[in-house]
Amino acid sequence: MNRLKPIIINELRPIFEKLGIDENHWHPLIQTSRESSQGDLTLPCFPLAKIVGKNPLEIANSIATEFPSVASIQQCNAVNGYVNFRASNVWMFEQLPSCTDSMLEKKQILIEHTSANPNGPFHVGRARNAILGDTLVRLHRLAGNEVTAEYYVDDMGKQVAVLAWALEHLTKEEVDSILADKEADSGQWEGKTDHQSVRWYQAAQSLRQSSERKDSIEEEITTLVHASEHGNSEVLRQFENAYQPVLDGMLETLQRLGIQFDRFTKESTFVINGDVATLIDTLKKSELHGEAENGALFLDLEPRGLTGKTEFFYCRGDGSSLYATRDIAYHLWKWAQSENLVNVLGEDHKLQAKQVGLTLQELNSKAPEIVFYSFIKLPEGKMSTRKGNVVFMDDLLEEAHGHAAQVVQELRPEYSHEEISTIAEAVGTSAVRFNIIKVSPEKGFTFKWEDALAFEAGSAPFVMYAHTRACSIKEKVESSKKPSTFEIEDFTNLPEGCEQLLRALMLFSDQLDTSVMENRPHIFANYLLQLATSYHAFYRDCHVLEGNEVNTTYYAISEFAKNALRKGLVGLGITPLESM
RNA sequence: GGGCGUGUAGCACAGCUGGAUAAUGCAUCGGCCUCCUAAGCCGAAGAUCGCGGGUUCGAAUCCUGCCACGCCCGCCA
């Protein structure tokens with residue numbers, strides 16, 4: 001309804017000039033109505049009462065009385081000190097072709113997300129990052145922004161080192177015997193590289209903890225880590241051979257969720273090309289610079305507002321860099337690639353991100369925008385690969401597919417196996433995505449199968465179904481032979497469901513823009529539920545096909561809604577289906 | 001101990017730059033397929049918005065104290 005604002009403001013201007021109230025006072029008061037039954041936009045007059053020394057009810061009344069009659073506004077009335085404006089049906093109908101267009105200025109943006117260590121299969125704990133990140137990518141694209149989706153590959157450091165060490169030193173038999181006391185692998189994912197490699201990683205983790213060899217193993221791993229951090233190309237190649245198959249497996253899983261990346265940037269890049277060394281030299285010259293007894297270097301960020309432990313270490317005593325140091329080098333590089341940066345990070349990275357951001361500012365660069373999210377827990381508690389307390393994304397998606405197939409089978413027994421499988425895949429993956437994306441990221445999230453696989457109202461299939469109904473109408477209209485048509489000429493008295501849908505469509509760009517501006521996809525997800533609900537109401541009240549007659553007005557509205565639904569679904573990474 | 005976040009019906013969740021009767025879904029109870037796909041629609045019931053103070057014409061929303069839960073406070077990544 002933001003498109004209605006300029007119209008209203010135009011008409012209000014002379015009225016407020018007469019009242020002697022400055023634009024700065026009344027302009028920002030105009031807001032979307034809380035109660036849509038009252039109107040579309042509302043102007044509360046309470047704050048104005050003080051300025052002119054009048055009763056707010058009086059002010060509201062006089063504004064409403066003086067408000068001229070305009071084609072775009074159906075109604076302007078005063079209630080309890082509020083002035084309510086209601087858009088006219090004709091105006092809304094005219095707006096339909098452009099209702100999905102974002103009103104924001106287009107920008108260039110680099111979104112880094114997921115960036116999970118390639119040391120094992122994707123689990124649902126990591127899924128929130130990937131789904132949140134990918135949805136942001138999609139919504140920014142829907143809003144017309146030029147987006148690069150980027151994955152930062154952690155190709156050095158301890159986790160990869162452990163994996164590389166294990167692959168070099170352990171045979172399959174050794175791995176099997178070390179993991180023998182663990183729950184047996186179902187074997188379902190035997191052919192998938194990430195599931196294979198993770199067994200070596202787990203075996204190594206087990207040895208590091210309890211075997212007699214643990215000290216020597218630790219030493220070997222530490223040697224590898226340090227070699228990688230000094231840019232040792234042979235070790236880095238060994239690492240790559242270890243992690244690449246795992247990463248490929250993870251990406252395969254993500255692909256199934258519709259998640260893809262434009263670019264992969266390796267952490268080691270900035271060690272090898274000297275950026276990290278240059279950065280360390282620069283930081284040494286900072287006025288915040290400090291040095292520990294063993295030669296390790298830090299920045300004291302206290303003067304920049306950090307509290308608690310304010311030393312931020314960027315260089316070890318042996319001269320090697322730390323993860324955060326490389327991250328800063330990476331960010332300096334990213335700023336050269338794009339005007340806007342967004343990172344998606346777990347809440348455990350808050351302090352780290354603060355340190356990186358402050359240091360970037362210290363270097364006359366900027367801190368990126370960051371979307372933080374809380375972790376996904378399981379009902380049994382925190383997810384932990386070591387304890388085997390994980391739900392693998394592959395298992396989840398398989399389960400979702402199976403469950404969806406069962407539902408389709410029951411609901412549409414006439415469909416072929418292939419049709420059922422296609423629908424089940426779309427419904428299953430979409431439901432998983434939607435289940436995670438519809439809640440605000442800072443909210444703690446407990447993963448429950450029953451929620452992920454709930455296909456009723458409030459879920460992805462609910463929205464998909466609205467789209468399907470619209471597709472079905474289109475097909476019926478197109479296949480009916482030379483239907484007679486009629487259109488509605490009087491828009492003043494449309495059925496409730498029709499008005500509701502028009503109103504919902506008018507909110508598309510508002511909601512998309514807010515969602516994109518604030519980087520909060522759940523806003524748009526919830527809006528899409530509202531849009532679907534409204535379409536169902538329209539479907540209930542307005543029949544496009546009545547006998548052999550096509551109501552072209554309704555048909556036009558249905559088509560615009562179908563388009564909006566499709567765009568919205570794609571924006572959330574949900575697969576729009578023609579039939580389901 | 002310090003920092004950040006969360007606390008809204010039985011469950012889950014929206015609303016948080018202060019505004020009207022706190023929105024939605026699940027679960028519960030009742031109704032709708034001779035009518036474009038019932039994965040839908042209609043209705044009922046269900047909320048001391050964690051607790052206490054404060055600011056205000058007006059507080060779920062802002063301030064403050066307390067309580068509960070989560071995350072962080074590595075020369076790890």
Side-chain angles (χ1 to χ4, degrees), chain A residues 28-29 31 33-38 42 44-47 49-50 56 79-82 84 117 119 154 156-161 225 267 292-298 306-311 313-318 320 322-324 326-327 346-352 354 372 374-375 377 382 404 407-408 410-412 423 427 438-440 442-446 448 450-451 454-466 468-477 480 497 522-523 526 529-530 532-533 535-537 539-547 550 554-555 558 579-580:
Chain A
L29 292 177
Q31 54 197 271
S33 307
R34 289 283 163 132
E35 287 294 316
S36 62
S37 57
Q38 298 278 11
T42 296
C45 296
F46 306 94
K50 271 185 197 159
V79 184
N80 299 329
Y82 298 87
N84 294 315
N117 284 329
N119 62 355
D154 191 351
M156 45 198 299
K158 195 159 269 179
Q159 306 210 35
V160 196
V225 171
E267 197 179 328
E293 282 177 15
N294 66 349
L297 307 174
F298 63 85
L306 200 68
T307 51
K309 186 191 177 256
T310 57
E311 293 99 357
F313 280 89
Y314 61 89
C315 184
R316 290 196 184 91
D318 69 356
S320 67
L322 286 108
Y323 173 81
R326 285 168 241 138
D327 203 26
E347 61 177 341
D348 56 334
H349 282 68
K350 274 189 183 173
L351 176 60
Q352 166 99 43
K354 184 89 189 162
F372 289 107
S374 290
F375 289 117
K377 287 176 300 190
K382 200 177 161 180
V407 173
V408 182
E410 276 167 32
L411 259 31
R412 318 272 184 254
I423 294 168
V427 167
K438 75 173 173 185
V439 317
S440 17
E442 64 274 12
K443 209 84 147 188
F445 189 100
T446 304
K448 291 185 198 120
E450 42 178 317
D451 292 342
F455 295 162
E456 297 113 347
S459 70
F462 175 81
V463 186
M464 295 166 77
Y465 188 60
T468 298
R469 277 180 149 179
C471 288
S472 168
I473 287 175
K474 183 181 188 215
E475 198 197 306
K476 280 247 160 50
V477 169
S480 66
H522 79 277
I523 293 174
N526 283 295
L529 285 174
Q530 185 195 334
T533 303
Y535 187 83
H536 288 308
Y539 188 89
R540 174 196 68 214
D541 291 346
C542 309
H543 284 223
V544 173
L545 278 152
E546 204 76 84
V550 174
Y554 286 163
Y555 185 42
S558 177
S579 65
M580 61 185 276

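Just the heavy atoms: all of them, side chains too, but no hydrogens, waters or symmetry mates, feed the values below. Lettering of chains follows the sequences in order, A, B, ..., and the numbering in each one begins at 1. From a predicted model like this one, the values you see are computed outputs, not experimental measurements.
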Below 4.5 Å, heavy atoms only, C-beta onward: do [X] and [Y] meet side chain to side chain?
X: A:Arg326; Y: A:Met156; answer: yes
X: A:Asp154; Y: A:Gln159; answer: no
X: A:Pro56; Y: A:Tyr82; answer: no
X: A:Tyr535; Y: A:Val463; answer: no
X: A:Lys354; Y: A:Leu306; answer: yes

To the nearest Å, give me how far apart [atom1] ([X]) and [atom2] ([N]) are.
X: A:Ile523; N: B:U24; atom1: CD1; atom2: C1'; answer: 16 Å
X: A:Glu442; N: B:C71; atom1: CD; atom2: P; answer: 17 Å
X: A:His536; N: B:C41; atom1: NE2; atom2: P; answer: 5 Å
X: A:Phe445; N: B:C13; atom1: CZ; atom2: C1'; answer: 10 Å
X: A:Phe46; N: B:G18; atom1: CZ; atom2: C1'; answer: 12 Å
X: A:Arg316; N: B:C75; atom1: CZ; atom2: C1'; answer: 7 Å
X: A:Phe298; N: B:C75; atom1: CZ; atom2: C1'; answer: 11 Å
X: A:Lys476; N: B:C36; atom1: NZ; atom2: P; answer: 7 Å

- Message: Would you say the base of B:C36 stacks on A:His543 (centre-to-centre below 5.5 Å, plane angle below 30°)?
- Response: yes
- Message: Tell me whether the ring of A:Phe372 lies stacked over the B:G5 base, given a 5.5 Å limit on centroids and a 30° limit on the plane angle.
- Response: no
Polar pair under 3.5 Å, donor/acceptor by atom type, side chain [X], base [N]:
X: A:Asp348; N: B:C71; answer: no
X: A:Gln352; N: B:A77; answer: yes
X: A:Thr446; N: B:A12; answer: no
X: A:Asn526; N: B:A23; answer: no
X: A:Arg412; N: B:A39; answer: yes

- Item | Which residue lies more 5' along RNA chain B, comparing A:Lys448 with A:Met156 via nearest heavy atoms | A:Lys448
- RNA chain B: A:Asp541 or A:Gly157, which has the more 5' nearest nucleotide? A:Asp541
Short side-chain N/O contact from [X] to OP1 or OP2 of [N], under 4.0 Å:
X: A:His349; N: B:C76; answer: no
X: A:Lys438; N: B:U24; answer: no
X: A:Arg326; N: B:A77; answer: yes
X: A:Arg469; N: B:A38; answer: yes
X: A:Lys443; N: B:A14; answer: yes
X: A:Arg34; N: B:A23; answer: no

Look at all strands and tell whether [X] reaches a base, only sugar-phosphate, or nothing, counting heavy atoms closer than 4.0 Å.
X: A:Phe462; result: sugar-phosphate
X: A:Pro47; result: base
X: A:Asp318; result: nothing

Where the side chain of [X] is concerned, which of [options] is the nearest nucleotide?
X: A:Thr42; options: B:C36, B:A77, B:A20; result: B:A20
X: A:Glu347; options: B:G70, B:A77, B:C36; result: B:G70
X: A:Ser472; options: B:C75, B:C13, B:C36; result: B:C36
X: A:Val439; options: B:C73, B:C13, B:A39; result: B:C13
X: A:Pro461; options: B:G3, B:A39, B:A77; result: B:A39
X: A:Val544; options: B:A77, B:A39, B:C36; result: B:C36

Considering only the [atom1] atoms, how many Å lie between [N] and [M], rounded to the nearest integer?
N: B:A59; M: B:A20; atom1: P; answer: 11 Å
N: B:U28; M: B:C67; atom1: C1'; answer: 32 Å
N: B:C16; M: B:U61; atom1: P; answer: 13 Å
N: B:G19; M: B:G7; atom1: C1'; answer: 24 Å
N: B:C42; M: B:G53; atom1: P; answer: 41 Å
N: B:G43; M: B:A23; atom1: P; answer: 14 Å
N: B:G54; M: B:C11; atom1: P; answer: 30 Å
N: B:C36; M: B:G15; atom1: P; answer: 37 Å

- Task: Might you work through the side chain to side chain contact (heavy atoms under 4.5 Å, CB included) test for A:Lys377 and A:Thr446, ending with a clear yes or no?
- Result: CA-CA 5 Å; A:Lys377 287 176 300 190; A:Thr446 304; 3.9 Å; yes
- Query: Mind telling me whether B:C33 is syn or anti, cutoff 90° either side of 0?
  - Reply: syn
- Show the numbers, then the answer: is there a side chain to side chain contact (heavy atoms under 4.5 Å, CB included) between A:Val160 and A:Asn119? CA-CA 6 Å; A:Val160 196; A:Asn119 62 355; over 6 Å; no
- Count the heavy atoms of every other residue, nucleotide or ligand shown that sit under 6.0 Å from NZ of A:Lys438, and state whether that count exceeds 12. yes
- Task: Report, as yes or no, whether the 6.0 Å neighbourhood of atom CD on A:Gln31 holds more than 12 heavy atoms from other residues, nucleotides or ligands.
- Result: yes
- Message: To the nearest 0.5 Å, what is the distance between NE2 on A:His543 and CG on A:Asp541?
- Response: 8.0 Å
- Note on the structure: Taken to the nearest 0.5 Å, the spacing of A:Phe375 CZ from A:Glu347 CD works out to 6.0 Å
- For RNA chain B, what dot-bracket results from Watson-Crick or G-U pairs at under 3.5 Å, with [ ] for crossers and | for inter-strand partners? (((((((..(((......[....))).(((((.......))))).....(((((..]....))))))))))))....
